[in-house]
Amino acid sequence: MINIVIFGPPGAGKGTQSEKILEKYSLVHISTGDLFRANIKGETELGLKAKSFMDKGELVPDSVTIDMLRAKVNENPHANGFIFDGFPRTTPQAQALDALLDSLNTSISVCLSLQVPDEELVVRLINRGKTSGRADDADEGVIRNRLAVYMRETAPLKDFYKQQNKLEEIHGVGTIDEIFGRLCTAIDKHA
Ligand code: ADP
C-alpha cells in the first residue's frame with residue numbers, strides 16, 4: 001500500500017494535485033474538507049456541527065473529524081492506498097491516523113508538504129472564491145484566519161513527519177504539471 005498525506009496551507013493546491021496523484025497511483029482520495037462540504041449540502045447532523053467552525057475559518061473539533069475519517073477509511077477495505085488531503089491538521093489527528101493505519105497493518109509512506117508564499121495564497125483563495133461558492137473563500141478576514149490557524153495548529157505537524165523521516169518539502173509555485181512532477185519524484189523515493 002502507498003499512503004500519502006498531502007499537506008500545506010489553504011490554497012496550496014492540495015486538491016488539484018491529489019486528483020492527479022490518485023489517478024497515477026490508483027489511490028482512494030479522502031478530503032476532509034470535501035466530506036464536510038458534502039455533509040453541509042446534505043444538511044446532516046455532522047454538516048450542521050461543522051458549518052459554524054468552517055464559516056469562521058476555524059478547525060472542526062478533533063473528535064468529530066477523526067470519527068468521520070475513520071469511517072471513511074473503513075468503507076474502503078480493499079484500497080490500494082489512500083491520499084489524505086486536509087487531514088491531519090492537528091497532532092491528535094496525526095496520532096489517530098497512525099493508530100488507525102497501524103490497526104490495518106499499514107502506515108503513512110510519505111508526507112508531501114507544498115510550500116507557497118502567503119501573499120500568493122491569499123490571491124489564489126480570493127480568485128477561487130469568485131467561482132467556488134465557498135463561504136470561507138469569500139472573505140479576506142476568514143482567509144487570513146485560516147492561514148493563521150494553519151501556522152499555529154497544522155504547520156508544527158511537519159516535525160511529526162520529519163521525525164519519522166517521511167517529510168518531503170515541495171516548491172508549490174509553477175505550472176500544475178511542474179509541481180506534479182516534483183511530487184511524483186518525492187513519492188517514488190518512498191514507494
Ligand atoms: P483549505 O485547505 O482550502 O482550507 P479544506 O477544504 O481542506 O480547505 O478545509 C476547509 C475547512 O474545513 C477548514 O478551514 C476547516 O474548518 C474544515 N476542516 C477540513 N479538514 C479538517 C480537519 N482535518 N480538522 C478540522 N477541520 C477541518
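Counting convention: from 1, in listed order, for ligands and their atoms alike. Everything numeric in this text was worked out from a predicted model, so none of it was measured.
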| request: Could you tell me whether the side chain of D98 reaches within less than 4.5 Å of the side chain of I108, counting heavy atoms only? | output: yes
Report each N/O pair between ligand 1 and the protein that falls under 3.5 Å, naming both atoms.
from: ligand 1; atom 1: 2 (O); to: K14; atom 2: NZ; distance (Å): 3.0
from: ligand 1; atom 1: 2 (O); to: R89; atom 2: NH2; distance (Å): 3.2
from: ligand 1; atom 1: 3 (O); to: R128; atom 2: NH2; distance (Å): 2.9
from: ligand 1; atom 1: 3 (O); to: R146; atom 2: NH2; distance (Å): 3.0
from: ligand 1; atom 1: 4 (O); to: R89; atom 2: NH2; distance (Å): 3.2
from: ligand 1; atom 1: 4 (O); to: R146; atom 2: NH2; distance (Å): 3.1
from: ligand 1; atom 1: 6 (O); to: R37; atom 2: NH1; distance (Å): 2.9
from: ligand 1; atom 1: 6 (O); to: R37; atom 2: NH2; distance (Å): 2.8
from: ligand 1; atom 1: 7 (O); to: R89; atom 2: NH1; distance (Å): 3.2
from: ligand 1; atom 1: 7 (O); to: R89; atom 2: NH2; distance (Å): 3.3
from: ligand 1; atom 1: 8 (O); to: R134; atom 2: NH2; distance (Å): 3.1
from: ligand 1; atom 1: 16 (O); to: E58; atom 2: O; distance (Å): 2.6
from: ligand 1; atom 1: 20 (N); to: T32; atom 2: OG1; distance (Å): 2.7
from: ligand 1; atom 1: 20 (N); to: G86; atom 2: O; distance (Å): 3.3
from: ligand 1; atom 1: 20 (N); to: R89; atom 2: NH1; distance (Å): 3.0
from: ligand 1; atom 1: 23 (N); to: G86; atom 2: O; distance (Å): 2.9
from: ligand 1; atom 1: 23 (N); to: Q93; atom 2: OE1; distance (Å): 2.9
from: ligand 1; atom 1: 24 (N); to: Q93; atom 2: NE2; distance (Å): 2.9
from: ligand 1; atom 1: 26 (N); to: V60; atom 2: N; distance (Å): 3.0

| query | For E19, what residues pass the salt bridge (Lys or Arg N to Asp or Glu O under 4.0 Å) criterion, not counting sequence neighbours? | reply | none
| request: Using salt bridge (Lys or Arg N to Asp or Glu O under 4.0 Å) as the criterion, list what pairs up with E119, not counting sequence neighbours. | output: R144
Tell me which donor-acceptor pairs under 3.5 Å the side chains of residues 2-10 have, and how far apart each pair is, sequence neighbours excluded?
from: N3; atom 1: OD1; to: F82; atom 2: N; distance (Å): 3.1
from: N3; atom 1: ND2; to: T106; atom 2: OG1; distance (Å): 2.9
from: N3; atom 1: ND2; to: S107; atom 2: O; distance (Å): 2.9

| request: Starting at CG of D137, measure out to CD1 of I126 and round the result to the nearest 0.5 Å. | output: 9.5 Å
| query | Hey, is the main chain of R89 close enough, under 3.5 Å, to the side chain of Q93 for a donor-acceptor pair? | reply | yes
